[in-house]
Amino acid sequence: MSEARIVACPEDAVLDVPRAIRVEGFPPASTVTIEATTMRAGQAWRSRAAFLTDAAGGVDLAASAALPGGSYAGIAPMGLVWSQEPDDPARRLLFHPDVAAPLITRLVASDGGVVAGAAFTQRVLAAGVMRREVHEEGLVGTLFLPAGAGPHPSLMLLNGSDGGVNEPRAALYAAHGYATLALGYFGMPGLSPYISNTPLEYFAAGLAWLRRAVRPVRNFVALQGESRGGELVLLLGATFPEAVSAVLAFVPGAVVHSGQNAADPKVGRNGPAWLLGGKPLSHLWEGNRTATWTPFDEGPEPHRHELALLTALNDVDAVARARIPVERIRGPVFLTSGTDDGSWPSSRYARMVCDALMASGHGHEVQWCDYQGAGHSMRTPYVPATGIVHTHPVSGRVTTGGGTPAANAHAGDDAWRA
């Protein structure tokens, strides 16, 4: 029998590169358990799965199904990553505070006697990508510039109701050649802690600043947002169509919403989120005859926010007043959604957007990826997808985004490739 070993290839690469993980040299038809441990923001995340070796004493995670009782089931080449859970369930940060710090996953394979080990490195910040903090002209965010002189196409990235900025995703776009501004609009030093009464002109200023700062190839600036950010990028594309080259809306809303879970308590969750020209935009909860928060507030934990939104969507007049006029968008539109979205009905919303674009004769490509059984969380590829239930950082409510770790991991990976 050859020497037992575990191999992960490539050993060192950017985060979104899948790894081929194999076990070799164990006794044939034996049970081998593989444990994976990754340090993330100061704590360990762990997973384990057992496999039956083949006639040559090997296991290939791309072809071998995990036995029952482990962190995941079935065939999943990167299942040891997306199924990881943290030692402290209350702390679920997936990345180090310093985006330049790599994630190192250590693998140990054992059949109860023979032990083999290996490791692989996932880099968020690719070689040559430059990171620059932005505190100019009232804007707060982080700019990532691709390697090479350029010019490059550019993208502005907007977070959802958690606030802050998504530096890891922005860095990955830069790794693929996009000069990316992760622009904060609340929940960061120098900005409001709440989404309430956010002026859309702030984002128009961000688009103009990005064009001046990076002089993108063909003047191309795309927008990408997730959740409330997905609502927002559709709204910005419709409001400032001449400034937006393409819209990528992940689990978006098709209507303008109120402040909801990220609202300023003084304004209330039924108050406006967005302003234009100093005036609030009409939103779904405004004058709504059927809307009630009761299914969300009084339902069992973890609360399912979607249930309240469904009551609001029964008022067709309110929906019409709040609908985002996506037919004004002058570029390609990319949409993702999950059929088990617990935060809001993203599949229904994405269908509304597609129908409106089709009815208007939209002259650009429209692509919609709707994932069966997936929820609201579609993260960057090859990170843990187990954080389905969480305490909202603004409202403090315990909510579920829906889906399962396997479905959400597939959705996140596939949506990124798309």
Side-chain angles (χ1 to χ4, degrees), residues 1-40 43-87 89 92 94 102-123 371-375 377 379-388 403-414 416-417:
M1 183 180 70
S2 60
E3 182 181 357
R5 64 177 187 147
I6 183 169
V7 178
C9 184
E11 292 184 0
D12 192 327
V14 179
L15 180 77
D16 63 348
V17 175
R19 310 305 161 100
I21 300 173
R22 303 187 310 277
V23 165
E24 301 170 351
F26 281 85
S30 64
T31 299
V32 171
T33 298
I34 305 176
E35 297 180 346
T37 304
T38 310
M39 293 300 298
R40 305 176 186 274
Q43 77 158 330
W45 288 63
R46 307 177 195 274
S47 64
R48 61 183 299 277
F51 304 87
L52 190 65
T53 60
D54 59 23
V59 172
D60 181 350
L61 266 64
S64 303
L67 300 175
S71 299
Y72 73 92
I75 298 174
M78 292 291 282
L80 287 169
V81 174
W82 62 249
S83 67
Q84 285 184 326
E85 291 276 8
D87 285 352
R92 306 196 71 92
L94 299 179
L103 297 168
I104 300 173
T105 298
R106 304 192 183 282
L107 304 171
V108 176
S110 171
D111 65 354
V114 178
V115 177
F120 63 86
T121 298
Q122 294 173 294
R123 297 191 182 275
Y371 297 100
Q372 294 297 311
S377 177
R379 303 190 183 279
T380 49
Y382 312 132
V383 296
T386 52
I388 294 171
T404 65
N408 293 352
H410 166 72
D413 299 350
D414 188 77
W416 177 253
R417 287 193 295 271

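We're numbering straight along the sequence, starting at 1. Here the structure is a predicted model, which means the values were calculated and not measured.
Looking only at distances, a side-chain donor or acceptor of Ser71 sits under 3.5 Å from a matching main-chain atom of Arg48. Looking only at distances, no side-chain donor or acceptor of Thr121 sits under 3.5 Å from a matching main-chain atom of Asp12. In this structure, Thr105 contributes its side chain and Phe120 its backbone to no donor-acceptor pair below 3.5 Å. Under the 3.5 Å distance criterion, the side-chain polar atoms of Arg40 are left unmatched by any main-chain donor or acceptor of Pro86. Side chain of Arg19 to backbone of Pro10: a donor-acceptor contact under 3.5 angstrom is found.
Among residues two or more places apart in sequence or in another chain, the side-chain hydrogen bond (donor to acceptor under 3.5 Å, both in side chains) test is passed with Glu85 by Arg92.
Residue Asn408 comes nearest to Ile388 through the heavy atom pair ND2-CG1, 3.7 Å, listed as atom of the first residue, atom of the second, then distance. For Arg379 against Leu94, the heavy-atom pair with the smallest separation is CD-CD1, 3.4 Å. Of all the heavy atoms in Ala62 and Pro77, the pair that sits closest is CA-CG, 3.8 Å. In terms of heavy atoms, Leu15 sits closest to Tyr382 at O-CD1, 3.4 Å. When every heavy atom of Thr37 is checked against every heavy atom of Ala44, the shortest pair comes out as CG2-CB, 4.0 Å. Pairing each heavy atom of Val108 with each of Val115, the nearest pair is CG1-CG1, 3.7 Å.
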Q: Starting from the C-alpha separation in whole Å, work towards a yes-or-no answer on side-chain contact (heavy atoms from CB on, under 4.5 Å) for Thr386 and Gln84.
A: CA-CA 7 Å; Thr386 52; Gln84 285 184 326; 5.9 Å; no
(Q) Phe51 vs Val23, test: side-chain contact (heavy atoms from CB on, under 4.5 Å). Steps then yes/no. (A) CA-CA 10 Å; Phe51 304 87; Val23 165; over 6 Å; no
Q) Between Arg5 and Glu3, is a salt bridge (charged side-chain N to carboxylate O under 4.0 Å, His left out) present by the stated rule, with each step listed? A) CA-CA 6 Å; Arg5 64 177 187 147; Glu3 182 181 357; over 6 Å; no
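Remark: Ile6 CD1 to Ser110 OG distance equals 11.0 Å, nearest 0.5 Å. With values rounded to the nearest 0.5 angstrom, Gln43 atom CD is found 11.5 Å from Thr38 atom OG1. With values rounded to the nearest 0.5 angstrom, Ser83 atom OG is found 10.5 Å from Met78 atom CE.
Between Tyr72 and Trp82, the ring-plane angle classifies as tilted under the 30° and 60° cut-offs.
Surrounding CD of Glu11 are at most 12 heavy atoms belonging to other residues, nucleotides or ligands under 6.0 Å away.
Under the 4.5 Å side-chain criterion, counting only non-hydrogen atoms from C-beta, Trp416 is in contact with Asp16.
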Show the atom names and distances, to 0.1 Å, of all donor-acceptor pairs under 3.5 Å that link a side chain in residues 26-36 to residues at least two apart or in another chain.
unit_1, atom_1, unit_2, atom_2, d
Ser30, OG, Pro27, O, 2.7
Ser30, OG, Thr53, OG1, 3.3

